[in-house]
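Below, read A as the first sequence line, B as the second, and so on, with proteins coming before strands; counting in each chain starts at 1.
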Amino acid sequence: MDAVAPLAMFVPLAGAAVLAGLTGIVHRVVADLYVLVVTIATTVLCAVLLRRTTDHRVLHWFGGWRPAHGNAIGVALTVDTIGAATALLIGVLALAAFIFSWRHLESGSRHFHVLMLLFEGGMIGFALTGDLFLLFVCFELMSVAAYALTGLKMTDAGSMQGAINFAVVNSAGSFALLLGIGLVYARTGSLNFALIGQTLAGHPADGTVAVALVLLVTGLLTKAAIVPFHFWLADAHAVAPTPACVLFSGIMVELGLYGTARIYWTMFSGALVPRQHAFGLVLLGLGAATIVVGGMMCFLQHNLKRLLAFSTISHAGVILVGLGLMNHDALAGAAVYVVGHGLIKGALFVMAGIVLHRTGALDELSLRGRGRAKRMWPSSALFIVSGLALAGAPPFALGLGKSMIDDAGAGYWWLPWLLAFSGVVTGGAVLRASGRIFGGWGSDEGIRYPADTYAELHEEHETDAAHERTPLVLIFPAFALLALSLVVGLWHGLADHVEIAAARFVDRPAYAAAVLTGHDHLISVSTKAPAVSATFIGIAEAAAAIALALVSLACQPVTARWRSKRVDAYAPMAVLRDLHSGRAPDYVAWFTLGLAVFGGLTYVAVH
Amino acid sequence: MTAAVQTLVMLSVAVFATVVVLTRDPLHQIIALTPFSISLILLFTVLQAPDVVLSAVVVGMLAWPVMVLLALGKLRRNEVDP
Amino acid sequence: MNARARRGVFLVGAVGVFGYLMWGVAGLNGFGHHTQTALRYANGVVAAASPLRHASNAVTTVVMDVRGVDTAGEELLLLAAIVGMLMVLRKADDEEIVPARLEAPDRVGTGRSRATSVVAVSVAAAVGVLGLYIVAHGQLTPGGGFQGGVVLAAPSILLLIGARHETFERFHYGLAWEIVQAIAVTAFLGVGVAGLIEGRGFLANIVGPGSLGTVYSAGTIALLNVIAGPAVATAVVLAALQIYHQMIEIRRER
Amino acid sequence: MIDHLPYVLAAWLLLVGLYGVATSRHFVHLVVSLSIAQASTYVLLLEVGYVQGGSAPIFKDVPSATRVVDPVVQALVLTDLVISVAVSGLLLAFIVQSHKRTNTTDPTAPQPLAG
């Protein structure tokens, strides 16, 4: 029996349990070294696991409860290439976050490391599980650790608000998830993905199956911050400690989408075959709404972390579009996109943390020119490169993933435009902020909401004060993540590998056979080379993002003038911003409406 | 007979849950929570789940109210003694 | 959104969700009725519980053996929540700790007679023994580590909150509770790793099944119950005491 | 159809609980309402595992051939109960600290992060 998979999950978790007892006794330096060793060990285990999945799916039956007589009562870890790669991404981002946190956090660090390890282990378990209820337990484990991490700065009203909103909305999502599990269990008498998929396949989806699918996916899309379940994300990201944000935006949100793809392709794809396209359209619609809302809100923000948070929402929409296309080519694109986005977004949050470390503020407007005055040249260069990469500039991995989704969705003329919108607007927002902070361009006036000015008032709690130099351990993680994104993007033949992995991911009968009978059958598919035009599209998007940033820097006063006219051009955006009210009851009302709409659309799609 | 008892208990769970939610004052709400917890425990009993009953008793009637009451106490002290 | 708009949005959504859920449950078997498929997991567990594991309580067999990894996750989740609560409720830089005995001098050495204390301690001890009983018999009767753990925690909380403040301070400050919790959770995972070393899988039941119906039956099920008991008890004690400490002793610096 | 009425209870608990959250004017009320919504999950799971005429899944005095209710869902509910307490405890801690800085327990009060 292969021990690597459970170890990859339980090394960080056991590390956290041991550290919880040691943390009050040992010195901070010892604790840091210990955490570093545990994190590196975890990353290595994930890498070994990835290596092993190249020729078979790695299985582990907890307690040795293997399936017998066509019945699987045991709990399984079922690891394929995409699952192992996700776990490895978690490990890499966690490593970067830990290195960054050495110098960054002062207060509350005793508990911080324990929570980060629990968070990491919960996420890895989520990526590796082949069991529906273990998925739920890992979902909750990573949620509880994440709520606590968000509330690290407990003296700050904003932190508490962010943590409360995060916990309330995600709890509502977890109820949906568990109700869905109840329906699936009632129908199939199983909690194993493969066995459920085998039982559901062949019968057209009826009400129970459709409702179970919607409830499960709603729970996961809440974690993935898909409109209208997305409200918690910006509040939580704006206040969470920067190292936690690297993991939140870099991978936690994407895990919701990973889970959606996993449960769909292992459990429901057999039952939805004739209706697959229609259900895909529902997901495409949700993804499109998320891209637009996230992108617009991103561009309207002045708080750096909140700006990045909304950018994550927009990009989550792109990934959901990749899933909604319902074929393995698009899924491969989405997988590459997740890696590309996770690395870039991790780097960007690290950069925001550096700005905070140096200046004690995060508000773009009040920071105008401060980056130049402080001579933060390396940071400014990294910021601009990250902004371009976020827009989809080649040869970074995010642009590669985007072109793969574009190719796979060739049937929809509007798809490239939608994806380009996400990249141009979020990349443009990052470039605009860099221009203002590091170049001193633009004006320092703008339309301000409480969230914009929030940073100035409270953020100084995270670090001691404004510092004069950027320590190497702070900038190194950003540099490493960006470099890694470049390496992945330049990796010759990566697209082929991922397409094969994705084709195996969606191969439900082979998955079921591997789990239930132990006979693995890995298909290989012919892959096609990405179109040459992809490079030009990426360059065009990056150029558009630069143009958008420059125009918005130059035209700031114009926006103010628009407002004074009789027709208020800002009004629609003001409505959008007012909807993000920061109040948990509002968010739960939207959650309920969203669940009803998603359910109604699926009803139409399945009928 | 079984069906009648089950129906009665389920109805009481629904009613008491609604009462808890509609009781807006937190302290009154904690009091309203007791009949809800009891009816929920009865429901678990008639659904033949003794392990869940035991858990629900220790959680619903012990751990949970203690935590909520202590938190309410702290909120009150915050107000008295800012 | 104002209250009316919010209520409107919610109610529209709620009507939709209700209708949708009804569509979902309409396809289920009637309450209390099942297809053989739906019952196969239960039948598999029942077939395994008593003959294979010598555990008469099938639920505990699921919690601590067949799906033991869920319980490992649950102990870790509890750890995360407690660490989070300790962190969030810690003393802030602009707050001070006013030891409870200074805060409420009238409670120090109240005229509580020795007899009262003896009664209190004996009642607490009785509840504690009940908790131990529930922990130890989890594989036989309803109960187990979690339920027994909370019962175990109750007397500690009551004694500490009711006791003289000196006693409260002596037992609350310091890391003993946290260390015990960490040891218990680590031990739980340690049992899991032992199964891996045996080559039978994480959390495999590596101890012999014992004889059905005795305290020593069911192998690691009993062992894991005994480990989970203190893990849960310390978690509950830490949660309650930290809120109490926050309530009584922490206040804004003047 | 009458056989399906018990499932309505789960839907009702979920929606009543969420209604309480959506209309709440006090954070503690919000947390309590959230726990009511969570009760829907216990109820649904136990209902789908109930077997007409089945006894509790404990074989102390009964031969193991008797009809019993599903032990698996009961195990799932046990885990779910722990999760509920853990999340509530954490939420209460946030609420206590939030109240110190904002002097309000009203979730609909203006929030520092809005827009």
What part of C:F10 gets within 4.5 angstrom of chain D, counting heavy atoms only: side chain, backbone, both, or neither? side chain
In C:L223, C:I227, C:L76, the residue satisfying side-chain contact (heavy atoms from CB on, under 4.5 Å) with C:F188 is C:I227
Look at the side chain of C:T234 and the backbone N and O of C:P230, then say whether any donor-acceptor pair between them is shorter than 3.5 Å. yes
Can you tell me which portion of C:A14 sits under 4.5 Å from chain D's heavy atoms? Options are side chain, backbone, both or neither. both
What part of D:V8 lies closer than 4.5 angstrom to a heavy atom of chain C: side chain, backbone, both or neither? both
Would you say D:R25 and D:T108 are linked by a side-chain donor-acceptor pair, where the criterion is simply a distance under 3.5 Å? yes
Who among D:G89, D:A10, D:G54 has the most heavy-atom pairs with chain C under 4.5 Å? D:G89
Whatever's closer than 4.5 Å to a heavy atom in chain D on C:I243 counts as neither
Non-hydrogen atoms of chain D under 4.5 Å away: do they reach the side chain of C:A235, the backbone, both or neither? neither
Among D:L81, D:L44, D:T79, D:V85, single out the residue with the greatest number of heavy-atom pairs under 4.5 Å to chain C. D:T79
Which atoms of D:L14 are under 4.5 Å from chain C, going by heavy atoms: the side chain, the backbone, both sets, or neither? side chain
Contacting region of C:I250 [heavy-atom separation from chain D under 4.5 Å]: side chain
Pick one of side chain, backbone, both or neither for D:E47, based on which atoms fall under 4.5 Å of a heavy atom in chain C. both
How long is the gap from OG on D:S40 to CG on D:L15, to the nearest 0.5 Å? 8.5 Å
Please flag which part of C:L11 lies under 4.5 Å from any non-hydrogen atom of chain D: side chain, backbone, both or neither. side chain
Looking at D:L76, D:V87, D:V48, D:V69, which one has more heavy-atom pairs under 4.5 Å with chain C than the rest? D:V48
Using 4.0 Å as the upper bound for N to carboxylate O, is an ion pair formed by C:E249 and C:R90? no
Would you mind checking if C:E95 and D:K100 are paired as a salt bridge, meaning a charged N to carboxylate O distance below 4.0 Å? yes
Counting heavy-atom pairs under 4.5 Å with chain D, the top scorer among C:V9, C:V62, C:V236, C:V59 is C:V59
Can you tell which of C:Q147, C:R67, C:M1, C:M85 has the highest number of heavy-atom pairs within less than 4.5 Å of chain D? C:M85
Region of C:N43 that comes under 4.5 Å of a non-hydrogen atom in chain D: neither
Option that, when pairs with chain D are counted at under 4.5 Å, heavy atom only, ranks first among C:L77, C:D70, C:V45: C:L77
Is the closest side-chain donor-acceptor distance between D:S24 and D:H29 under 3.5 Å? yes
Contact winner vs chain D - C:G30, C:G44, C:A81, C:A92, heavy-atom pairs under 4.5 Å: C:G30
Any side-chain heavy atom of C:V25 sitting closer than 4.5 Å to one from C:L21? no
Among C:N2, C:L89, C:V63, C:V232, the residue with the most heavy-atom pairs under 4.5 Å to chain D is C:L89
Proximity breakdown for D:V51 and chain C, heavy-atom pairs closer than 4.5 Å: both
Would you give the length of the straight line joining atom CZ of D:R67 to atom CG of C:L39, rounded to the nearest 0.5 angstrom? 9.0 Å
Taking NZ, NE, NH1 and NH2 as the nitrogens, is one of them in C:D94 or C:R251 under 4.0 Å from a carboxylate oxygen of the other? no
Does the plane of the ring in D:Y7 sit parallel, tilted or perpendicular to the ring in C:F31? Use 30° and 60° as the thresholds. perpendicular
With rounding to the nearest 0.5 Å, note down the distance linking NE2 in C:H137 to OG1 in C:T60. 12.0 Å
